[in-house]
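Right, one structure below, let's go through it.
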Protein chains: 2
Amino acid sequence: MEADADLFRALGDATRRTILDELTERDGQTLFEICGRLTVRHGLSSSRQAISQHLAVLEQAGLVRTRRQGRYKFHHIDTSPLRSIVERWPVHGEDPNP
Amino acid sequence: MEADADLFRALGDATRRTILDELTERDGQTLFEICGRLTVRHGLSSSRQAISQHLAVLEQAGLVRTRRQGRYKFHHIDTSPLRSIVERWPVHGEDPNP
DNA sequence: GTTATAGGCAAGTGCCCGCTTGCCTGTCAA
DNA sequence: TTGACAGGCAAGCGGGCACTTGCCTATAAC
């Protein structure tokens, strides 16, 4: 079995990538916050359950970490798994800026 | 429409990722070479047509560039599209080595 | 306690995608 | 010219995945 299978599977969906964009812009959102901002700011109207399942996939891939507080569940992005991608297939001009 | 949709779609399949591993190790292989080495060295027995379709997806994503020479077609890896991933979601400790 | 809010669980469905199958095109050696 | 070799094209099939639907749990406000 491949190690990063969950990572690439998580990145394979456009909605999940947009969720990562949202969490990059504003980290630590709840499920309902993400739903609202995805609809308003990104134009995609997905149901709450759909987003919830997407977040579960992202969490399994290690790209999202959660923190419970009362009845709220905050979602935080973690981009560190992405490093394994460029480590696996090295990009030649790694650092463009001097 | 998203820009890097083809890129993430290409990376979403385990066989295609193994093809990138193969081309990283030995660049400029033909279709039949890739088929043989995937079978022997990686244990996955995919048909020639399957690998051909995988290479087409990788080429459409910009991860593989081809060069025809007579009846041979050599495949070269191009990892530069991967840079857009870490640019989109910046990794905090970007450069581990000083 | 009662109601509203935030989130979870599980079964069912439709569709995309990887793979096969079969046949065709083009290049090189005999 | 004929055969073998390297690769391409297109239709069909099956499984996985995203999404819905319906109901349930838990925390907080009233």
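Residues A:Leu82 and A:Leu11 are in side-chain contact: their nearest non-hydrogen atoms beyond the backbone lie under 4.5 Å apart. Counting heavy atoms from C-beta on, the side chains of B:Asp21 and A:Trp89 come closer than 4.5 Å.
A donor-acceptor contact shorter than 3.5 Å is absent between the side chain of B:Arg16 and the backbone of B:His54. B:Thr30 places no side-chain N or O within donor-acceptor distance of the main-chain N or O of B:Phe74, the cut-off being under 3.5 Å. Checked by atom type and distance alone, the side chain of B:Ser52 never pairs as donor or acceptor with a backbone atom of B:Arg48 at under 3.5 Å. B:Asp27 contributes a side-chain N or O that, together with a main-chain N or O of B:Ile77, makes up a donor-acceptor pair within less than 3.5 Å.
The line from CG of A:Leu63 to CG of A:Leu7 is 5.5 Å long, rounded to the nearest 0.5 Å.
Contacts between residues 60-75 of chain A and DNA chain D, defined by a heavy-atom separation below 4.0 Å, involve A:Gly70, A:Arg71, listed by number. If you check residues 21-32 of chain B against DNA chain D, the residues with a heavy atom closer than 4.0 Å are B:Thr30, B:Leu31, B:Phe32, listed by number.
Under the 4.0 Å criterion applied to side-chain N and carboxylate O atoms, A:Arg88 and A:Glu2 are assigned as salt-bridge partners.
Both A:Leu44 and A:Leu20 are assigned to one and the same hydrophobic cluster, defined by single-linkage of ILVMFWY side chains at heavy-atom distances under 4.5 Å. Hydrophobic clustering (side-chain heavy atoms under 4.5 Å, transitive across Ile, Leu, Val, Met, Phe, Trp, Tyr) keeps A:Val57 apart from B:Ile85.
Using a 4.0 Å cut-off, no side-chain N or O of B:Ser52 falls inside it from OP1 or OP2 of D:dG7.
Rounded to an integer number of Å, the gap from B:Arg48 CZ to D:dC5 P is 13 Å. For the pair B:Ile51 CD1 and D:dA6 P, the interatomic distance rounds to 16 Å; values are reported in whole Å. When the P atom of C:dG22 is taken as reference, atom CD of B:Gln49 falls 11 Å away, rounded to whole Å. Rounded to a whole Å, the CG atom of B:Leu55 is 14 Å from the C1' atom of C:dG18.
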Identify the pairs formed between an N or O of the protein and an N or O of nucleotides 15-19 of chain D at a distance under 3.5 Å, and give each distance.
residue, atom, partner, partner atom, Å
D:dA18, OP1, A:Arg16, NH1, 3.4
D:dA18, OP1, A:Arg16, NH2, 2.4
D:dA18, OP2, A:Arg9, NH2, 3.2
D:dC19, OP2, A:His54, NE2, 2.2

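With hydrogens and angles left out, the side-chain atoms of B:His76 and B:Arg67 include a donor and acceptor closer than 3.5 Å.
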